[in-house]
Asks: 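Here it is, the structure, as structure tokens.
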Amino acid sequence: MTEFLTDHGVIVAVVAGLLAVAYGVLTTSQLLALSPGNAEMQRISAAVQEGARAYLNRQYTTIGAVGVVLFVALIFVQDISVAIGFLVGGVLSGAAGYIGMNVSVRSNARVAEAARGGVSPALGVAFRGGAITGLLVVGLALIGVAAYYGILTSFFDQSPKEAVDALIGLGFGGSLISVFARLGGGIFTKAADVGADLVGKVEAGIPEDDPRNPAVIADNVGDNVGDCAGMAADLFETYAVTAVAVMLLGVLTFNEATAVALYPLVLGGVAIVASIIGTFAVRTTTGNVERALYQGLIVSGVIAAAAFYPITSWMMGDLSFKSAEGAVSTPGVGALYLCAIVGIGVTALLFLLTDFYTSTRFRPVRRTAEASQTGHATNIISGLAQGMQATALPALVLVLGILASWKLAGGGVQGIYGIGVAVMGQLSLTGLIVALDAFGPITDNAGGIAEMADMPEEVRNVTDPLDAVGNTTKAVTKGYAIGSAVLAAVVLFAGFKAELAAEDVKVEFPVDNPAVLMGLLIGGMMVTLFAALSMEAVGRAGGAVVEEVRRQFREKPGIMEGTDQPDYATCVDIVTKSAQREMIIPSLIPIAVTTIVGVISVEALGGLLIGVIIVGFFFAVMMTAGGGAWDNAKKLIEDGAFGGKGSEAHAASVTGDTVGDPFKDTAGPAINPMIKVANIVAILIIPIIS
């Protein structure tokens with residue numbers, strides 16, 4: 001078995017990836033065979049589909065222009081194989097997001113129609129819609145990495161080290177798509193949401209998904225291009241980049257280059273099979289939606305954990321450490337296996353902590369809702385405080401995860417490899433994590449369609465609880481994405497140092513070195529500037545939507561009376577153009593600043609990467625958790641707490657939610673790929689700075 005996996009590990013990984021794609025194709029055909037509802041439901045769903053396609057087509061055209069420039073640059077900075085890898089990563093990442101979005105916008109009406117039969121059938125349709133996206137993300141990522149590695153080593157006679165270097169380009173392609181998709185989609189969705197809420201809920205006093213609101217279709221489109229396509233691109237990139245980073249560390253650390261290069265790919269293949277099995281465990285007979293979703297995740301995690309040990313034993317049982325000093329003890333099979341289990345444990349803890357800080361069941365959200373009784377300012381203060389507090393325990397979890405995996409693997413360079421194995425363990429659940437995230441916009445849109453199509457009250461009584469669970473799953477999946485991004489960045493930074501050493505560049509990064517300290521400050525500045533520009537972009541675009549909705553209400557009084565139709569297309573066009581225009585400069589920050597600093601000073605570049613990782617983690621957690629607390633505090637009040645809808649507390653909670661929207665759905669999530677882009681760019685520019 002050892003020889004089989006070492007000789008055919010690429011085939012194992014590609015076959016597993018193809019299984020994921022086959023699952024996606026088969027489930028899509030089953031989903032599309034379901035009834036999309038009556039003519040009005042289909043009309044609304046078609047409008048959302050049209051807006052989402054138009055936005056993503058324009059977004060990918062913009063990214064393509066930037067990508068062409070970077071493709072040509074990589075040919076000269078690196079070589080053609082790296083540039084082709086960049087192209088492969090970008091195309092696959094874009095495909096994962098685009099296909100996932102298309103499935104999501106077709107699932108919404110089918111979920112609303114299935115809700116006529118109760119919670120269980122509606123849950124089944126919504127989850128399967130999300131699972132298609134999730135399995136496609138991991139399947140395409142694994143196929144891309146494994147197939148390109150196999151082609152380079154088998155047909156172009158490249159060594160494992162040369163092939164892995166080319167895969168860094170693939171990771172960069174995925175990262176570029178991710179940062180643009182996260183940021184552009186986030187600007188779109190939150191500008192539409194802010195405009196719809198401020199005029200619709202606060203000024204006009206109409207429900208969230210009322211068809212009289214001209215921004216309601218743009219809001220529904222945004223849910224898909226931001227949460228569905230954005231998260232898909234984000235975790236595609238995290239998955240591919242982490243696999244490549246672990247492969248890089250392996251070939252630089254151990255003599256058995258082929259085995260250590262293929263090990264993370266085989267782990268990923270096994271995890272895909274576990275994820276497919278886990279999807280069949282998502283079912284409920286009691287109506288407990290959250291439990292049904294999480295039991296699928298647990299089943300997948302248990303199967304993956306059980307399968308990791310024999311894989312580790314077969315492939316990593318006889319390692320020898322690269323050292324000029326002679327024999328050095330290497331991590332044993334048990335140690336590496338426990339590192340993978342540590343990664344799964346970190347995921348579980350991040351889920352629990354994010355749920356605690358963002359769910360209506362617990363004190364942090366209830367405290368923010370309670371603070372709304374005394375006004376808008378106290379709501380804002382409480383939400384900010386909860387977001388800041390939410391950074392402490394996740395930071396400690398990551399610290400303990402890093403310490404445990406580093407120690408288990410023996411410390412030193414091989415200890416860093418242990419951290420990489422832990423991140424691969426964490427990413428073994430990516431397929432179902434993306435499924436849980438995509439479940440959110442699907443159920444949100446289903447509720448919107450039920451409202452706009454004036455479906456019976458019992459349908460909303462099904463879609464509303466599904467939507468509430470979807471809000472929770474979106475929040476916890478963001479916590480997972482942040483944690484995996486930070487650990488992946490740690491591994492990438494180690495890869496950066498190892499690549500410098502391989503180029504005979506002897507450099508350390510002590511804090512008392514002025515160049516390193518300057519780099520630390522610049523890295524922190526990059527994160528704060530990136531977040532600020534993202535927030536401003538939402539404010540400007542949201543303001544334009546507010547003015548447009550006000551104009552339509554003013555010039556067409558028949559809209560409120562139901563005798564005139566609102567112009568949905570204009571609002572969609574406003575946020576589409578704004579998102580495309582506003583996403584360019586922030587997205588280029590991690591590329592341009594990292595390159596400039598690297599050319600000036602390698603020591604400063606090392607400091608910059610550390611600064612981006614540390615400040616990026618705290619900002620991302622604070623913004624996503626704080627935004628989630630504001631959002632669910634509003635929902636808690638709308639469910640009747642602290643005065644309910646129409647109360648002063650409700651008005652204050654809407655303000656908090658409006659502030660929190662760009663926190664949790666634009667700037668916060670976009671920081672994840674921004675961290676990794678900076679680290680990947682640092683590795684790619686080594687030839688011009690060493």
Side-chain angles (χ1 to χ4, degrees), residues 59 61-78 82-83 86-87 89-90 93 168-169 171-184 186-187 233-234 237 241 485 489 492-493 496 499-500 515-516 518-537 579-616 619-620 666-667 670-690:
Q59 175 174 273
T61 300
T62 303
I63 299 172
V66 177
V68 168
V69 175
L70 293 174
F71 177 84
V72 174
L74 284 172
I75 295 175
F76 294 99
V77 174
Q78 287 281 341
V82 175
F86 168 77
L87 179 63
S93 179
I168 297 293
F172 183 41
S175 296
L176 182 73
I177 293 289
S178 176
V179 72
F180 274 103
R182 263 304 195 191
L183 188 56
I187 293 169
D234 187 353
E237 172 250 359
V241 165
L492 283 169
F493 180 72
F496 168 68
E499 284 280 34
L500 284 175
V516 174
M518 289 187 290
L520 283 167
L521 293 172
I522 293 172
M525 175 272 294
M526 287 168 61
V527 175
T528 55
L529 181 60
F530 181 87
L533 293 175
S534 304
M535 294 283 290
E536 280 190 338
Q580 299 307 301
R581 182 176 62 252
E582 301 279 5
M583 72 180 183
I584 298 294
I585 293 177
S587 297
L588 293 178
I589 286 175
I591 300 174
V593 176
T594 303
T595 302
I596 293 169
V597 171
V599 170
I600 295 172
S601 168
V602 176
E603 290 88 351
L605 178 58
L608 178 149
L609 299 180
I610 298 169
V612 165
I613 294 171
I614 301 303
V615 179
F619 259 73
T666 306
I671 290 172
N672 302 340
M674 181 248 188
I675 293 171
K676 287 167 288 184
V677 167
N679 280 270
I680 292 173
V681 168
I683 295 175
L684 289 173
I685 63 173
I686 285 176
I688 63 175
I689 65 176
S690 59

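Nothing fancy with the numbering, it's 1 onward along the sequence. Predicted, not measured: the structure shown is a model, and the values here were computed from it.
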Asks: Considering non-hydrogen atoms only, spot the tightest contact between Ala678 and Thr594 and give its length.
Replies: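 Looks like O-CG2, 3.5 Å.
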Asks: Rounded at 0.5 Å granularity, tell me how far CD1 in Ile671 sits from OG1 in Thr666.
Replies: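 So the CD1 of Ile671 and the OG1 of Thr666 are separated by 11.0 Å.
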Asks: For the residue pair Leu520 and Leu608, establish whether any side-chain heavy-atom pair is separated by less than 4.5 Å.
Replies: no
Asks: For residues 676-685, pull every pair meeting salt bridge (Lys or Arg N to Asp or Glu O under 4.0 Å), keeping only residues two or more places apart or in separate chains.
Replies: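 Counting only pairs at least two positions apart or across chains, the salt bridge (Lys or Arg N to Asp or Glu O under 4.0 Å) contacts touching residues 676-685 are Asp234-Lys676, Glu237-Lys676.
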Asks: To check you understand the geometry: which heavy-atom pair defines the closest contact between Ala667 and Ser534, and what is its length?
Replies: CB-CB, 3.9 Å
Asks: What are the two closest heavy atoms between Gly67 and Leu176, and how far apart are they?
Replies: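 In this case the closest contact between Gly67 and Leu176 is CA-CD2, 4.2 Å.
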Asks: Within the structure provided, determine whether Ile177 and Ile63 are in side-chain contact (heavy-atom separation under 4.5 Å).
Replies: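 Side chain of Ile177 against side chain of Ile63, heavy atoms only: contact under 4.5 Å found.
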Asks: Answer whether the closest heavy-atom distance between the side chains of Ile589 and Leu533 falls below 4.5 Å.
Replies: yes
Asks: Using side-chain heavy atoms (C-beta onward) and a distance below 4.5 Å, is Ile591 in contact with Leu70?
Replies: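 In short, these two side chains touch, coming nearer than 4.5 Å.
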Asks: Closest approach of Ala489 and Asn679, non-hydrogen atoms and distance?
Replies: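 Looking at all heavy atoms of both residues, the closest pair is O-OD1, 3.7 Å.
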Asks: Test of understanding: with salt bridge (charged side-chain N to carboxylate O under 4.0 Å, His left out), list the residues that count as partners of Glu603, not counting sequence neighbours.
Replies: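 Glu603 satisfies salt bridge (charged side-chain N to carboxylate O under 4.0 Å, His left out) with no residue once adjacent residues are dropped.
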Asks: Show the nearest heavy-atom pair for residues Ile675 and Ile613, with the distance to one decimal.
Replies: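 Here Ile675 and Ile613 meet closest at CG2-CG1, 4.0 Å.
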Asks: Quick one: are Phe180 and Ile584 in side-chain contact, heavy atoms under 4.5 Å?
Replies: yes
Asks: For Pro673 versus Ser175, what's the shortest heavy-atom pair and its separation?
Replies: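 Nearest pair, atom of Pro673 first, then Ser175: CB-O, 4.5 Å.
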